[in-house]
Structures are given as structure tokens and as C-alpha cells.
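Notes follow the structure.
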Amino acid sequence: MSTIKEAGPGRALLTRRLFQLYTGLALYGVSMGLMVRADLGLEPWSVLNQGISRHTGLTIGTVTIVSGALILLLWIPLRQRPGLGTVSNVVILGLVMDATLAVTPEPASLGARIPLLAFAVVLNGAATGLYISARFGPGPRDGLMTGLHQRTGRPVRLVRTCIEVTVLAVGYLLGGSLGVGTVVYALAIGPLAQFFLRRFAIKGLSGEPSPVVARGGTSPERAILPE
């Protein structure tokens, strides 16, 4: 009888985690699509994916899926282990991003694009807090960052900066959208993610480091990095 009673809270916790994971990933994909529609600049990886999309004819969502899968291959020499959240991240973000672009019209004026960008960045912060708090494993790009950090011994922020500067430069050269939205995202996503990580933290789920913090960080709220 006691085992059955204990299983109830366990199932409820798992259900909560799965709900947060998939809601967060879906909203993350929506936010990425809305940033494209705002046309004021994208976050680094989307700049790269958009640039590749323009040269291949593939949708940006398809490129996002393919690039995520290719990045996972880099986990092998880095000895990183994917989780449910990792695999789900690869598939869901691109699908939802393309779906969002398919149903969202392009704003006709700057007056509409600016609030759309602001909404997309805030939504991205909320989505980040949701799916990271579920703790089902990092996304492929975060795993690349933490894997390089562990293998090289370099500070995680330095590793992330080097990766994203490289990605941004290549994406821009390929024709990706670099603009004020890129800067707004870089400045806002850290504080937003910190806020929403606290808001969506799951009680009773502890002892696992956040997938996007430096090794040895005491809590994701104090060490979150931009997605």
C-alpha cells in the first residue's frame, strides 16, 4: 500500500516535468519563428540556420533540425550523453518554427515588428525556464558547449562566446539576419531566463546541475547562460 501511495507523487512529478519540457520546447520554437517574422535580427544559431536556408532552399526549421542532429554527432568524441530533452529539442524546435512561420503573416510596419520582437524574446525566456527546469538533458548546442568546457578546461562563458561569435560570423556571411534583435536577445535572455527558472522550478527535483551552467555552479538561477 505504501508503495502505491509513493508512486502517485512520482507519477505526478514525471507528468509535470514532461509537460514543462514539451510546452517549453514548443514555445521556444514559436519564439524563434516570431523573431524571424519580426525581421530585426536573430539569435546566433538562427542567424546561421537562416543563412544556410537561403543557400540550400530548405526551410529554416528543416535546417535547424539537421544542424541539431549534426551537432549531436560532435557529442560522441566529447563523451556527452543525450537525454529525452536533447532528442526532443532537435525535432520539435524546427517543426514548430516552420509551423509558426506558416501561420504568422509578416508585419507591414516597424511599429508592429518592434513589439513582436519584444514579445518573442520574452517568450523565449519563459520557454527556456520551462524546458530547462524539467531537467531532461541539455539541447544539442548547450551540450556542445559544456562538452568543450569539460574537455578543454576553459571557462564555460569563454567557450560559449567563442562558439556563438563563430556561428554568428559564418551565419552573417551566408546572409543570415543580424540586427538590433540580435543585440536585444543577447542582453535580455540571461536575466529573463533567470527569472523564469525561478518561476518554473519544480519542487522535489534537485541534485542535478542545470544543462546550461558552468560545472560547479550551485544553482541554475545564478549561473544561467543565454540560450
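Quick note: residue numbers are just sequence positions, from 1.
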Scan residues 56-75 for pairs that pass salt bridge (Lys or Arg N to Asp or Glu O under 4.0 Å), counting only residues two or more places apart or in two chains. none
Treat each ILVMFWY residue as a node, draw an edge where side-chain heavy atoms are under 4.5 Å apart, and state whether Val103 and Leu123 are in one component. no
Atom of Gln20, atom of Ser133 and distance for their closest heavy-atom approach: NE2-CB, 3.5 Å
Look up atom CG in Leu144 and atom CG in Leu70, then write down how far apart they are to the nearest 0.5 Å. 12.0 Å
Hphob cluster co-occupancy, Trp75 + Val66, side-chain heavy atoms under 4.5 angstrom: no
Side-chain contact, heavy-atom cut-off 4.5 Å: Cys162 with Leu158? yes
Starting from Leu110, can I reach Leu117 by hopping between I/L/V/M/F/W/Y residues whose side chains sit under 4.5 Å apart? yes
Taking a hydrophobic cluster as the set of Ile, Leu, Val, Met, Phe, Trp and Tyr residues connected by side-chain heavy atoms closer than 4.5 Å, whether directly or through intermediates, do Val91 and Val63 fall within one such cluster? yes
Summary of side chain to side chain donor-acceptor pair (under 3.5 Å) pairs that have at least one residue in residues 168-183, sequence neighbours excluded: none
Apply side chain to side chain contact (heavy atoms under 4.5 Å, CB included) to Thr100 and list each qualifying residue two or more places apart in sequence or on a separate chain. Val30, Leu34, Val96, Thr104
Looking at every heavy atom in both Val90 and Ile65, which two are closest together, and how far apart are they? O-CG1, 3.4 Å
Separation between OG (Ser31) and CD1 (Ile189), nearest 0.5 Å, reads 7.5 Å
Specify the closest pair of heavy atoms between Val47 and Leu42, including all atoms of both residues, with the distance to one decimal. CG2-O, 3.5 Å
Quick one: salt bridge (Lys or Arg N to Asp or Glu O under 4.0 Å) pairs with a partner in residues 52-64, sequence neighbours left out? none
Point-to-point distance, once rounded to the nearest 0.5 Å, from CG of Leu18 to OG1 of Thr23: 10.0 Å
Any donor and acceptor pair, going by atom type alone, linking the side chain of Thr161 with main-chain N or O of Arg157 inside 3.5 Å? yes
Cluster companions of Val183 among Ile, Leu, Val, Met, Phe, Trp, Tyr (side-chain spacing under 4.5 Å): Leu187
By the rule that ILVMFWY residues connect when side-chain heavy atoms come within less than 4.5 angstrom, directly or transitively, which residues belong alongside Val165? none
When you group the ILVMFWY residues by side-chain heavy-atom contacts below 4.5 Å and let the links chain together, are Leu130 and Val122 in the same group? yes
Mind checking side chain to side chain contact (heavy atoms under 4.5 Å, CB included) for Val180 and listing every partner two or more places apart, or none if nothing turns up? Leu40, Val184
Return yes if some donor-acceptor pair links the side-chain N/O of His149 with the main-chain N/O of Arg154 below 3.5 Å, else return no. yes
side-chain contact (heavy atoms from CB on, under 4.5 Å) assessment of Trp45 paired with Ile71: CA-CA 12 Å; Trp45 284 101; Ile71 291 170; 3.6 Å; yes
Quick one: salt bridge (Lys or Arg N to Asp or Glu O under 4.0 Å) pairs with a partner in residues 103-124, sequence neighbours left out? Arg37-Glu106
Closest heavy-atom contact between Ser46 and Met32? OG-CE, 3.7 Å
With side-chain contact (heavy atoms from CB on, under 4.5 Å) as the test, would you mind laying out the steps for Asn89 and Tyr28 before giving the verdict? CA-CA 9 Å; Asn89 182 298; Tyr28 202 103; over 6 Å; no
Checking Arg17 side chain against Ala134 main chain: does a donor-acceptor pair fall under 3.5 Å? yes
Begin with the C-alpha distance, continue with both residues' side-chain angles, and end with the deciding distance and a verdict on side-chain contact (heavy atoms from CB on, under 4.5 Å) for Leu168 and Leu48. CA-CA 6 Å; Leu168 192 63; Leu48 176 62; over 6 Å; no
Taking atom CZ of Arg135 and atom CG of Leu21, what is their separation to the nearest 0.5 Å? 13.5 Å
Euclidean distance, Thr15 OG1 relative to Phe19 CZ, rounded to 0.5 Å: 11.0 Å
Pairs of donor and acceptor atoms involving the side chains of residues 77-84, under 3.5 Å and at least two apart or interchain, shall be tabulated with distances.
| residue | atom | partner | partner atom | Å |
| --- | --- | --- | --- | --- |
| Gln80 | OE1 | Thr146 | OG1 | 3.4 |
| Gln80 | NE2 | Gln150 | OE1 | 3.1 |

How close do Gly24 and Ala127 get, heavy atom to heavy atom, and via which atoms? O-CB, 3.2 Å
Side chain Thr86, main chain Pro138, donor-acceptor under 3.5 Å: yes
Please report the shortest heavy-atom distance between Asn49 and Ser67, naming the atom on each side. OD1-OG, 3.2 Å
Between Leu192 and Asn124, does the side-chain contact (heavy atoms from CB on, under 4.5 Å) criterion hold? Intermediate values first, please. CA-CA 9 Å; Leu192 285 171; Asn124 191 278; over 6 Å; no
The criterion is ring pair (Phe, Tyr, Trp, His ring centres under 6.0 Å); which residues satisfy it with Phe200, sequence neighbours excluded? Phe196
What residues, two or more places apart in sequence or in another chain, satisfy salt bridge (charged side-chain N to carboxylate O under 4.0 Å, His left out) together with Arg16? none
Quick test of your reading: applying salt bridge (Lys or Arg N to Asp or Glu O under 4.0 Å), list the pairs with at least one residue in residues 83-105, sequence neighbours left out, ordered by first then second residue. none
